[in-house]
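Ligands are counted one by one from 1 in listed order, and the atoms in each one are counted from 1 as well.
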Amino acid sequence: MSEEKSAHYSVTWQEEEYIHPPNDFVGQANLTDPKIFERFSLENFPECFKEFADLLDWDQYWHTTLDTSDAPCWKWFVGGKINASYNCVDRHLDKYKNKTAIHFVPEPEDEPIVHLTYQDLYRRVNETAAVLRDFAGLKAGDRVTLHLPMTPELPITMLACARLGVIHSQVFAGFSGQACGERIWDSESRVLITIDSYYRSGKLLDHKAIGDVAVEVAKKEGQDVDKVLVWRRYPGKYSSAAPVVEGRDFFMDELLKEYRGKTVEPVSMPAEDILFLMYTSGSTGRPKGAQHSIGGYLAYVTWMSKNIQDIHPEDVYWCMADIGWITGHSFIVYGPLACAASSVIYEGVPTYPDAGRIWRIAEELDVNIFHTSPTAIRQLRKAGPDEPEKYNYDFKHMTTVGEPIEPAVWRWYYDVVGKKKAAIVDTWWQTETGGFLCSTVPGLAPMKPGSAGPGVPGIHPVIFDDEGNEIPAGAGKAGNICIKNPWPGLMQTIWKDRDRFVSTYYGKYNTNPDSKDWRDWPYMAGDAAVLAKDGYVRILGRVDDVINVAGHRLGTKEIESAALTVQEVAEAAVIAAKDEIKGVVPDLYVALKPGFEASDELAAKISQAVSTVVGKIARPRSVHIVPDMPKTRSGKIMRRILASISNQTEVGDVTSLANPDVVELILKKVQG
Ligand code: WT7
């Protein structure tokens, strides 16, 4: 049975009822003008995006909104000159000098929260930029690899790079030395910026040692790193067992002593130059460096932060993602700071030391905008379903991002976390897209649990079948979701690999590779989706997440969602198990909410629920009730590992997981 990558299949998903955003929210929302979609209609493309660019301060105003001459590598706001660091820091000093820019919450609860004002941020970004320029010799266009965890030094270093026009490539701190080294090599960085240690789950982890491996790996590949700049979690005190390499490794806190009070003029950069690279995994081969521009990207995330995240400068905004992912770049650092918000950075794991931690932080800091992923929501619901009500905080707005959210989980988020007072946006987008593609506009449109919503203003989605025919809204058929038009936040290309960029995102639906007309280049996201009659998009998951059982294509999310209708179930993951007769069959893993015990009756009940909700064809081969799901450090369930367990193949290296020990337990349970 083939497991071809196709998104075209029928869906049997029941439509959910609308829920209207609370009046208090709508009353204060930034965007409530119903004419917005008219202003951003395709007739007004691309000039409508001037509204995005006008949220920024330009050193030199641009002359061409969109240049298509190198299609599909679009150029936005051509002729403009701008500095991203200036827009996120300097321009706020007049009005907000003494307002908090960053609230840093260390994981150990007895370490005080650090409040950095915009003035503090200005000083630290300038001094850091001085070190990067005058000590490390970095200049505009150079690449530098950052391998930093969630402390303020990460956004400070990013903004210092941006100030100089230096291209940062931040590698998620949970990634191994091998992964970091490959990215140093691909980006040709000769400087690595890291930290000695940081806290996760109550332990001070040795991080510098991983940087040493990364430098070795990069060297073997052919890229020499001549300077490693090391922040210290506790300035003045080195908390790592790794040796300090003479002439290569330098402590940032020591270097900075020479640069006290130093200011660095923001370098005026062409809008189309590169702000950063963000590596993301493709389906095969080496990671792709998504290349994001300065002007277009910053304009895009600023508009989205203001209008979809509804950020006002008075707001305390907390996005729980890691800055090592695109969500953190766009919606912890660049977007919120360009809007002069106070942005929260939390170092550790959400459930440390207990399931109330997140809500205590929210209460203490008066967080009123909260942003996280379905995985984190499921985790928090599992660890402490009644915790939120014990704390006195009020969210006006909440976001879910990263995966489809099951309606049952959405309802817990809305009722319990949001206390029925917060508008929710389910934002669908990707590393490649810079910012949101589909979401409701929270002050304008009702929410529908489990659906992301229509295209955001300026984004025009379309669903194609495999032959390139448009699947009409309300047809009840899934297909490949594409975006008809370019937009300023879209990556410019894959770093050093234009061919891969063109073939991955445009290869399937572009019919004239020489065309300079943007209409010939729909962007293919690689997700399967269904479009309801009302224009709301429901994302079913990556095209590769489709399971083809005896010729019937099933979305893993449909099955997982069905399992989650069973009250005892906290998390569910479906994988394709090899089957002699049917090719593959779904195998279901579930974790229970606290207080529930695994039993054969419960497994049968879950299996029955899948049959009832999706159909007999989707009935799992077995229901494995496991203590926890194997997860990455960013919280994604590692379905690949579950699949190897079901299929009795080599599980491989699990040391980079957040919970490697659980793999052994699941193996015993499933394979005996
Ligand atoms: C993939 C992109 C978006 C930034 C974080 C992840 C899935 C993302 C949603 C959503 C359903 C979603 C898609 C997409 N995804 N948001 N709201 N509903 N699925 O970025 O690592 O580049 O992953 O995440 O499958 O293609 P990423």
Taking only residues two or more places apart in sequence or in another chain, which ones pass ring pair (Phe, Tyr, Trp, His ring centres under 6.0 Å) with [X]?
X	answer
Tyr523	Trp487, Tyr505
Tyr346	none
His103	His115

Between ligand 1 and the protein, which N/O pairs fall short of 3.5 Å?
| from | atom 1 | to | atom 2 | distance (Å) |
| --- | --- | --- | --- | --- |
| ligand 1 | 15 (N) | Gly402 | O | 3.1 |
| ligand 1 | 16 (N) | Gly402 | N | 3.0 |
| ligand 1 | 17 (N) | Asp426 | OD1 | 2.7 |
| ligand 1 | 17 (N) | Thr427 | O | 2.8 |
| ligand 1 | 18 (N) | Glu403 | O | 3.2 |
| ligand 1 | 19 (N) | Pro404 | N | 3.4 |
| ligand 1 | 22 (O) | Thr431 | N | 2.9 |
| ligand 1 | 22 (O) | Thr431 | OG1 | 2.6 |
| ligand 1 | 24 (O) | Gly402 | O | 3.2 |
| ligand 1 | 25 (O) | Asp527 | OD1 | 2.7 |
| ligand 1 | 25 (O) | Asp527 | OD2 | 3.2 |
| ligand 1 | 26 (O) | Gln430 | NE2 | 3.0 |
| ligand 1 | 26 (O) | Asp527 | OD1 | 3.2 |
| ligand 1 | 26 (O) | Asp527 | OD2 | 2.6 |
| ligand 1 | 26 (O) | Arg542 | NH1 | 2.7 |

| said: Is it the case that the ring center of Phe331 lies less than 6.0 angstrom away from the ring center of Trp429? | reply: yes

| Roughly how far apart are Ile424 CD1 and Met398 CE, rounded to 0.5 Å? | 4.0 Å

| Any chance the side chains of Tyr317 and His371 put a donor and an acceptor closer than 3.5 Å? | yes

